[in-house]
Amino acid sequence: SFFFLNQLQKDLEEVKELLTKATRKRLRDVLMTEKHKLELEIKNQPPPKPKDVAEEEKSSLGGYTVKINNYGWDQSDKFIKIYISLNGVQKLPAENVQVNFTERSFNLLVKNLNGKNYTMTFNNLLKPISVEGSSRKVKTDMVLVMCRKKHEEKWECLTQVEKESKEKEKAAYDTSDPSEGLMNLLKKMYAEGDDEMKRTINKAWVESREKQSKGDIPMDI
């Protein structure tokens with residue numbers, strides 16, 4: 001850092017000053033060694049960034065960072081395409097729209113659009129993508145992220161998490177006929193029940209058949 005470099009330079013100045021006053025060889029040798037050490041350390045310090053570059057970097061990622069949650073997506077045999085609407089994005093310099101891809105994720109960063117930064121991260125993509133074959137296109141008021149599929153196959157959704165939540169939902173709302181579940185339950189109760197239970201189920205069964213034949217839908221048995 002600039003502060004650290006400043007301290008080293010001050011140490012070096014002091015060593016040089018002492019060297020002008022030192023007359024003992026041993027002391028001069030120690031000071032010369034220290035002088036070389038300090039000079040080398042100063043040389044190896046990263047150069048301070050010019051103020052305007054440092055300021056520009058700060059301002060380009062300064063301000064407010066917004067997470068993008070809205071997007072649309074589509075697919076072809078070879079690509080998964082994610083559409084992200086951002087007003088005026090086509091006016092930015094190309095380097096302000098960055099996408100980093102890995103085999104199972106991508107991260108979009110749009111810098112300094114109307115004083116804000118925008119980010120969107122997709123982790124755990126459903127299937128692997130090709131990093132080299134993936135890219136992004138900037139269109140009017142939109143960024144299009146093109147993820148190149150490793151294998152040409154249809155994706156049912158974008159991420160592993162979506163797939164799992166869909167499966168859970170499907171299990172919770174199984175679309176098989178609900179009356180079938182009820183029938184199975186009744187059969188089980190009938191098989192395990194005593195005479196009283198069997199008579200009750202038979203009676204309910206007969207009544208529900210009669211109602212069905214009249215066109216009334218049985219509410220419950």
Side-chain angles (χ1 to χ4, degrees), residues 1-6 8 40-172:
S1 74
F2 179 71
F3 175 75
F4 187 58
L5 187 63
N6 210 9
L8 289 174
L40 193 66
E41 210 169 332
I42 288 168
K43 194 177 155 198
N44 288 337
Q45 284 297 306
K49 284 184 181 170
K51 194 169 188 312
D52 54 347
V53 173
E55 282 302 307
E56 192 185 309
E57 269 192 20
K58 201 173 158 192
S59 72
S60 75
L61 259 180
Y64 187 59
T65 297
V66 183
K67 271 193 159 179
I68 304 167
N69 293 316
N70 293 333
Y71 62 90
W73 75 285
D74 191 8
Q75 62 184 312
S76 63
D77 290 344
K78 293 181 179 163
F79 286 97
I80 290 287
K81 305 168 193 175
I82 292 106
Y83 301 90
I84 298 123
S85 295
L86 287 168
N87 282 344
V89 70
Q90 72 279 7
K91 295 171 190 161
L92 289 178
E95 65 271 15
N96 279 32
V97 182
Q98 300 166 358
V99 184
N100 291 319
F101 295 95
T102 75
E103 196 178 66
R104 277 293 175 93
S105 75
F106 73 83
N107 171 257
L108 165 73
L109 172 62
V110 177
K111 293 197 284 189
N112 209 6
L113 175 61
N114 307 324
K116 291 177 188 170
N117 308 303
Y118 292 84
T119 65
M120 172 183 243
T121 303
F122 267 93
N123 291 317
N124 297 323
L125 289 170
L126 186 67
K127 298 176 193 290
I129 60 171
S130 155
V131 174
E132 311 78 58
S134 298
S135 61
R136 57 111 184 106
K137 290 179 181 172
V138 177
K139 297 174 175 288
T140 305
D141 298 337
M142 179 185 286
V143 177
L144 169 58
V145 179
M146 307 273 290
C147 298
R148 174 74 194 235
K149 295 176 178 178
K150 268 235 164 125
H151 310 291
E152 295 187 15
E153 55 188 324
K154 193 169 163 42
W155 290 26
E156 62 209 79
C157 50
L158 275 181
T159 63
Q160 201 59 43
V161 177
E162 267 182 85
K163 186 185 177 197
E164 282 163 19
S165 71
K166 271 188 180 175
E167 281 169 0
K168 276 187 193 154
E169 217 171 278
K170 198 176 166 199

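Only this structure's heavy atoms are used, side chains among them; waters, hydrogens and symmetry mates stay out.
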Exercise for the section: Please answer whether the main-chain N or O of Lys154 pairs with a side-chain N or O of Lys127 as donor and acceptor at a distance below 3.5 Å. Expected result: no
Practice task
Hey, can you tell me if Phe122 and Tyr71 have their rings parallel, tilted or perpendicular (30° and 60° cut-offs)?
Solution key: perpendicular
Practice task
Give the C-alpha distance, both sets of side-chain angles, the deciding distance and a yes or no for side-chain contact (heavy atoms from CB on, under 4.5 Å) between Leu108 and Val97.
Solution key: CA-CA 7 Å; Leu108 165 73; Val97 182; 4.1 Å; yes
Fill in the blank from the handout: Rounding to 0.5 Å, atoms CD (Gln98) and CG (Leu109) come to a distance of 5.5 Å
Fill in the blank from the handout: When every non-hydrogen atom of Phe101 is compared with those of Cys147, the smallest separation belongs to CE2-SG, 4.0 Å
Exercise for the section: Mind checking the CD1-CG spacing from Ile84 to Asn69? Nearest 0.5 Å is all I need. Expected result: 11.5 Å
Practice task
Please examine the side chains of Val145 and Ile80, heavy atoms only from C-beta on, and report whether any two atoms are closer than 4.5 Å.
Solution key: no
Practice task
Take Met146 and Lys81 through the test side-chain contact (heavy atoms from CB on, under 4.5 Å) and record every step on the way to the result.
Solution key: CA-CA 5 Å; Met146 307 273 290; Lys81 305 168 193 175; 3.8 Å; yes
Exercise for the section: List the atom of Ser105, the atom of Leu125, and the distance in Å for their closest heavy-atom pair. Expected result: N-CD1, 3.7 Å
Handout entry: CG on Asn87 to CE on Met142, rounded to 0.5 Å
Key = 10.5 Å
Exercise for the section: Would you please test Ile82 and Leu158 for side-chain contact (heavy atoms from CB on, under 4.5 Å) and show each step? Expected result: CA-CA 10 Å; Ile82 292 106; Leu158 275 181; 4.3 Å; yes
Exercise for the section: Return yes if some donor-acceptor pair links the side-chain N/O of Asn117 with the main-chain N/O of Lys111 below 3.5 Å, else return no. Expected result: no
Problem - Min side-chain heavy-atom separation Leu113-Leu92 under 4.5 Å - result: yes
Practice task
Could you check if a side-chain atom of Ser134 sits within less than 4.5 angstrom of a side-chain atom of Phe106, using non-hydrogen atoms only?
Solution key: no
Handout entry: Residues, nucleotides or ligands: over 12 heavy atoms within 6.0 Å of Asp74 CG
Key = yes
Practice task
Could you grab the distance from atom OG1 of Thr159 to atom CD of Glu164, nearest 0.5 Å is fine?
Solution key: 8.5 Å
Handout entry: Flag side-chain contact, heavy atom, 4.5 Å: Trp155 against Lys149
Key = yes
Problem - Shortest non-hydrogen separation from Lys116 to Val66 and the atoms involved - result: CD-CG2, 3.9 Å
Handout entry: Nearest-0.5 Å distance, CD1 of residue Ile68 to OG1 of residue Thr121
Key = 9.5 Å
Practice task
Nearest 0.5 Å please: distance from the NZ atom of Lys78 over to the OG atom of Ser76.
Solution key: 8.0 Å
Exercise for the section: Check whether more than 12 heavy atoms from other residues, nucleotides or ligands sit under 6.0 Å from atom NZ of Lys137, and answer yes or no. Expected result: no
Exercise for the section: For residues Asp141 and Val89, report the shortest heavy-atom separation together with the two atoms involved. Expected result: C-CG1, 4.0 Å
